[in-house]
Amino acid sequence: MKLWPEKKWKKIVLIAVIAFVIVVASLLGFIFFKINTDYVSGIDVLNEDGSETALIIYHPGLSSFMEDVIYAFADGLMENGWRVEITTASSQAPTDLSDYSLLALGSPVYADSPSPTIKRHIERIGDLNGIDTVLLVTSGGSEGGAEASMQQTVEEHNGVVKEVLSLFNSVPNEGDGNPLDIAEQAGREIFP
């Protein structure tokens with residue numbers, strides 16, 4: 001049995017199929033790498049003179065949507081007088097939450113699940129000591145089971161989930177609102 005066809009058109013088709021498989025495998029490998037990689041960033045401090053401090057930890061995702069949502073939420077918090085610290089989920093992100101009154105966790109949805117980096121960071125923290133926690137979940141159009149998964153992880157580590165907010169960039173959000181306006185409004189509703 002010959003693996004290489006003798007006819008020219010069959011060779012072209014075989015080469016095209018092999019090239020397609022290589023491209024798809026490379027793309028899937030890249031996406032898998034991106035969603036499982038911790039991104040180390042500094043801590044961005046907003047409203048340094050705020051009365052109480054909120055820590056926002058997020059996975060940036062494959063687009064800027066998650067980061068845009070995080071900063072819109074932070075804008076709402078700052079309007080209420082919060083000092084806000086924002087960083088990405090990594091081994092460099094804070095694990096001692098004793099100086100914080102609020103924890104917000106942001107994750108894009110991948111295959112109906114939150115980013116593994118968020119869960120790894122919660123495990124690095126260990127006991128959340130009953131800190132009030134807001135979950136910010138972003139996706140193209142369905143959160144699948146990401147909300148429940150994040151909530152379960154937070155509760156298993158002794159956190160108190162105060163709010164879960166899912167925002168979509170490809171389908172209408174609740175009330176057909178702009179997702180960034182919704183995130184900012186959610187931040188405005190949390191008082192120090």
Side-chain angles (χ1 to χ4, degrees), residues 20-41 54-74 76-77 86-91 93 95 97 102-128 131-187 189-190:
F20 177 76
V21 169
I22 290 170
V23 168
V24 168
S26 297
L27 182 61
L28 290 175
F30 173 76
I31 291 171
F32 182 78
F33 174 77
K34 292 286 279 184
I35 66 175
N36 284 293
T37 300
D38 287 355
Y39 292 91
V40 177
S41 69
L55 174 63
I56 301 176
I57 298 175
Y58 72 102
H59 179 80
L62 300 174
S63 73
S64 67
F65 186 53
M66 181 80 253
E67 185 172 17
D68 294 342
V69 165
I70 289 298
Y71 277 89
F73 180 74
L77 289 174
I86 302 173
T87 191
T88 54
S90 74
S91 60
T95 56
L97 302 180
L102 178 71
L103 174 65
L105 301 170
S107 176
V109 174
Y110 303 109
D112 293 336
S113 298
S115 170
T117 63
I118 293 296
K119 184 173 183 177
R120 278 197 306 269
H121 193 69
I122 293 170
E123 289 169 357
R124 276 192 289 271
I125 294 170
D127 189 352
L128 296 174
I131 193 168
D132 288 344
T133 306
V134 175
L135 305 177
L136 301 163
V137 178
T138 61
S139 72
S142 170
E143 60 81 24
E147 282 184 3
S149 177
M150 285 179 71
Q151 185 163 352
Q152 179 181 358
T153 300
V154 167
E155 290 170 351
E156 285 173 355
H157 287 83
N158 197 27
V160 177
V161 176
K162 289 297 191 183
E163 183 173 353
V164 180
L165 184 63
S166 286
L167 297 168
F168 312 115
N169 65 355
S170 296
V171 298
N173 288 283
E174 188 174 311
D176 290 332
N178 177 308
L180 302 183
D181 293 341
I182 294 169
E184 187 173 346
Q185 181 60 38
E189 294 172 0
I190 299 174

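We number each residue from 1, following the sequence as shown. Nothing here was measured: the structure is a model prediction, and the numbers come from that model.
- Checking Glu155 against Gln151 by side-chain atom types alone, a donor-acceptor pair falls below 3.5 Å.
- When side chains are defined from C-beta on, Leu136 does not count as touching Glu163, because their heavy atoms never get closer than 4.5 Å.
- Expressed to the nearest 0.5 Å, how far OG1 of Thr95 lies from CG of Leu55 amounts to 10.5 Å.
- In this structure, Val69 and Tyr58 have side chains that are not in contact, with every pair of non-hydrogen atoms separated by 4.5 Å or more.
- Side-chain contact between Phe73 and Ile86 is absent, with no heavy atoms from C-beta onward closer than 4.5 Å.
- When atom types are taken as modelled, the side chain of Thr133 and the backbone of Ile131 share a donor-acceptor pair closer than 3.5 angstrom.
- Within the model, atoms OG1 of Thr153 and NZ of Lys119 stand 5.0 Å from one another, a figure rounded to the nearest 0.5 Å.
- Counting only heavy atoms from C-beta outward, the side chains of His157 and Ile125 never approach each other to under 4.5 Å.
- With values rounded to the nearest 0.5 angstrom, Ser113 atom OG is found 13.5 Å from Ile118 atom CD1.
- Judged purely by distance below 3.5 Å, without hydrogens or angles, the side chains of Thr88 and Ser90 never pair a donor atom with an acceptor atom.
- The nearest pair of heavy atoms linking Phe168 to Asn173 is N-OD1, 2.7 Å.
- Rounding to the nearest 0.5 Å places OG of Ser107 at 13.5 Å from NE2 of His121.
- When the side-chain contact (heavy atoms from CB on, under 4.5 Å) test is applied to Asp132, the partners found at least two apart in sequence or on another chain are Leu102, Val160, Lys162.
- In this structure, the side chain of Asn158 does not engage the main chain of Leu128 through any donor-acceptor pair within 3.5 Å.
- Ala54 and Leu77 get closest at one heavy-atom pair: CB-CD1, 4.0 Å.
- At least one side-chain heavy atom of Ser149 sits under 4.5 Å from a side-chain heavy atom of Pro114.
- Nearest approach of Val137 to Ala146, heavy atoms of both residues: CG1-CB, 4.1 Å.
- Using a 4.5 Å heavy-atom cutoff, the side chains of Leu105 and Ile122 are in contact.
- In terms of heavy-atom proximity, Leu165 sits nearest to Ala183 at CD2-CA, 4.0 Å.
- Considering all non-hydrogen atoms of both residues, Arg124 and Ser91 come closest at NH2-N, 3.6 Å.
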Subject >> Derivation of the side chain to side chain contact (heavy atoms under 4.5 Å, CB included) call for Phe65 and Leu167 >> reply: CA-CA 9 Å; Phe65 186 53; Leu167 297 168; 4.3 Å; yes
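- Taking all atoms of both residues into account, the shortest heavy-atom contact from Tyr110 to Leu62 is OH-N, 3.7 Å.
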